[in-house]
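Contents: one structure, followed by commentary.
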Number of protein chains: 2
Amino acid sequence: MKTNSLIVEIDGIDKEILRDLMEDARKPILQIANKIGISGAAIHQRLRKLEQSGVISGSKFTVNHKILGYNTMAFVGIYLDKAARNPEAVRDLKKIPEVLECHYTTGNWSILIKIICRDNQHLMHLLNTKIQAIEGVSRTETFISLDQQIDRQIQL
Amino acid sequence: MKTNSLIVEIDGIDKEILRDLMEDARKPILQIANKIGISGAAIHQRLRKLEQSGVISGSKFTVNHKILGYNTMAFVGIYLDKAARNPEAVRDLKKIPEVLECHYTTGNWSILIKIICRDNQHLMHLLNTKIQAIEGVSRTETFISLDQQIDRQIQL
DNA sequence: ACTGAAAGGTCTAAATG
DNA sequence: CATTTAGACCTTTCAGT
């Protein structure tokens, strides 16, 4: 018996639908329906349930940074003088548009962020004038991504 | 004069369209058109150009890992005994479905990966039996993301 | 570069198996 | 859970400006 599980279980048909839409959010529903062998309305019913249960958290167009002139991606480990300053630091990091991800991590740093910059000079400027300027930040360690070789979602 | 630029410049209308679709890939084009004050056909023309120029790299449904039972996200810095072994290591990492990102980085490590696991035990198992087993991997350093506080795309 | 119109696809809801 | 149907709405294309 499964009651009140926080974990949602999905069946093979749900997986097929999601796999298609995770690859292309605008893929026609009827195309998926024909491939699977059920009606379009059935797919819609399932999608509504997946949304209600929270399995689907949204859909996004993805944009190619490099073509827009953003060539330098980097990870920055941030040391805070007191770990308790985390909420204020995150609040300030949210205001920096170049910050794409921010994680509260175990290990040496208090915070690990992923940032996207036009070039190395832009990165240096960000580090020196924005990130190091945040109250409580004592030191940072930067790792530039020379090449992103894998970029994908969870596999169903 | 701008000729043969590798960087594509986009105007304010393109930005508005992209901002909407980066938030919700299935947002009706006509809704965006009415908001901006141009016809749906004009939006389609612009989207076609943005696709052709490579600005739009795709669209994706995003799935909530936690609801599917994947609760542990971690970053793993990987030391290779020879940096030249990178291509084989990446080839092997691609075969591990839990690996979401893989970056060739400057700094201490040769490779930095982001992985998603069910729990800490699953993470340990992955590290011990899959990642450490890759030819050329000498050592790893793991940083568990206790909380992802920012997750977004580049801002236009 | 944008528009309007036409044709076809998508989505929802209600009734049914 | 799946299906069908029907109407409303959305997408896409194309000739025209």
Side-chain angles (χ1 to χ4, degrees), chain A residues 1-64 67-69 153-156, chain B residues 1-64 67-69 153 156:
Chain A
M1 194 178 73
K2 285 179 196 144
T3 53
N4 291 323
S5 170
L6 285 171
I7 297 176
V8 174
E9 311 258 352
I10 61 177
D11 70 10
I13 293 179
D14 286 337
K15 280 187 192 174
E16 260 195 275
I17 298 167
L18 286 176
R19 268 198 288 260
D20 281 337
L21 293 173
M22 283 165 79
E23 234 176 54
D24 175 3
R26 287 187 93 99
K27 183 161 190 174
I29 301 298
L30 281 181
Q31 213 169 301
I32 302 172
N34 290 334
K35 200 187 69 178
I36 298 179
I38 61 175
S39 69
I43 306 256
H44 283 287
Q45 278 180 21
R46 280 167 175 273
L47 281 174
R48 233 169 298 148
K49 267 188 211 159
L50 289 169
E51 265 164 39
Q52 280 163 10
S53 65
V55 172
I56 293 172
S57 56
S59 66
K60 301 192 181 338
F61 256 64
T62 52
V63 148
N64 183 338
I67 289 219
L68 293 173
Q153 287 197 70
I154 196 170
Q155 263 146 292
L156 299 181
Chain B
M1 194 179 73
K2 285 179 195 141
T3 53
N4 291 323
S5 170
L6 285 171
I7 297 175
V8 174
E9 311 259 352
I10 60 177
D11 70 10
I13 293 179
D14 287 336
K15 281 187 191 173
E16 259 194 278
I17 298 167
L18 287 176
R19 269 198 289 260
D20 282 336
L21 292 173
M22 284 166 78
E23 235 176 53
D24 175 4
R26 286 188 94 99
K27 183 162 191 174
I29 302 297
L30 282 180
Q31 213 169 301
I32 302 171
N34 291 333
K35 201 187 68 178
I36 298 179
I38 61 176
S39 69
I43 307 256
H44 281 287
Q45 277 180 23
R46 282 167 175 274
L47 282 174
R48 230 172 299 146
K49 268 188 210 158
L50 288 168
E51 264 163 39
Q52 280 163 10
S53 66
V55 172
I56 293 172
S57 54
S59 67
K60 302 193 178 340
F61 257 63
T62 53
V63 148
N64 183 337
I67 288 216
L68 293 173
Q153 287 196 70
L156 299 180

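Keep in mind that the numbers below use all heavy atoms, side chains included, and drop hydrogens, waters and symmetry copies. Here is how names work: the chains are called A, B, and so on, in the same order as the sequence lines, proteins then strands, and each is numbered from 1.
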Would you indicate, yes or no, if [N] has its OP1 or OP2 atom less than 4.0 angstrom from a side-chain nitrogen or oxygen of [X]?
X       : N      : result
A/Arg26 : C/dT10 : no
B/His44 : D/dT12 : yes
A/Arg48 : C/dC11 : no

Spacing of [X] atom [atom1] relative to [N] atom [atom2], expressed in whole Å:
X       : N      : atom1 : atom2 : answer
B/Asp24 : C/dC11 : CG    : P     : 12 Å
B/Ile38 : D/dT17 : CD1   : P     : 21 Å
B/Gln31 : D/dA8  : CD    : P     : 19 Å
B/Lys49 : C/dA1  : NZ    : C1'   : 7 Å
B/Ile36 : C/dT3  : CD1   : P     : 11 Å
B/Leu47 : D/dC10 : CG    : P     : 16 Å
B/Arg46 : D/dT11 : CZ    : C1'   : 18 Å

For B/Ile29 and for A/Ile43, locate the closest nucleotide of DNA chain D by heavy-atom distance; then report the residue assigned to the nucleotide nearer the 5' terminus. A/Ile43
Tell me what A/Lys27 touches on the nucleic acid: a base, only sugar-phosphate, or nothing, going by heavy atoms under 4.0 Å. nothing
When we call it a touch if two heavy atoms are under 4.0 Å apart, what does B/Leu30 touch: a base, just sugar-phosphate, or nothing? base
For B/Asp20, which of B/Ile36, B/Ile32, B/Ile43, B/Ile29 qualifies under side-chain contact (heavy atoms from CB on, under 4.5 Å)? B/Ile32
Considering all heavy atoms, the nearest A/Gly40-A/Ala33 contact: N-CB, 3.8 Å
Between A/Arg19 and A/Leu156, what is the shortest heavy-atom contact and its length? NH1-O, 2.6 Å
Among the nucleotides D/dT3, C/dT3, D/dT12, which one has an atom lying closest to any side-chain atom of A/Ala42? D/dT3
From the list C/dA13, C/dC2, C/dT10, which nucleotide is the closest neighbour of the side chain of B/Ser39? C/dC2
Do the side chain of B/Gln45 and the base of D/dT13 come within less than 3.5 angstrom through a donor-acceptor pair of N or O atoms? no
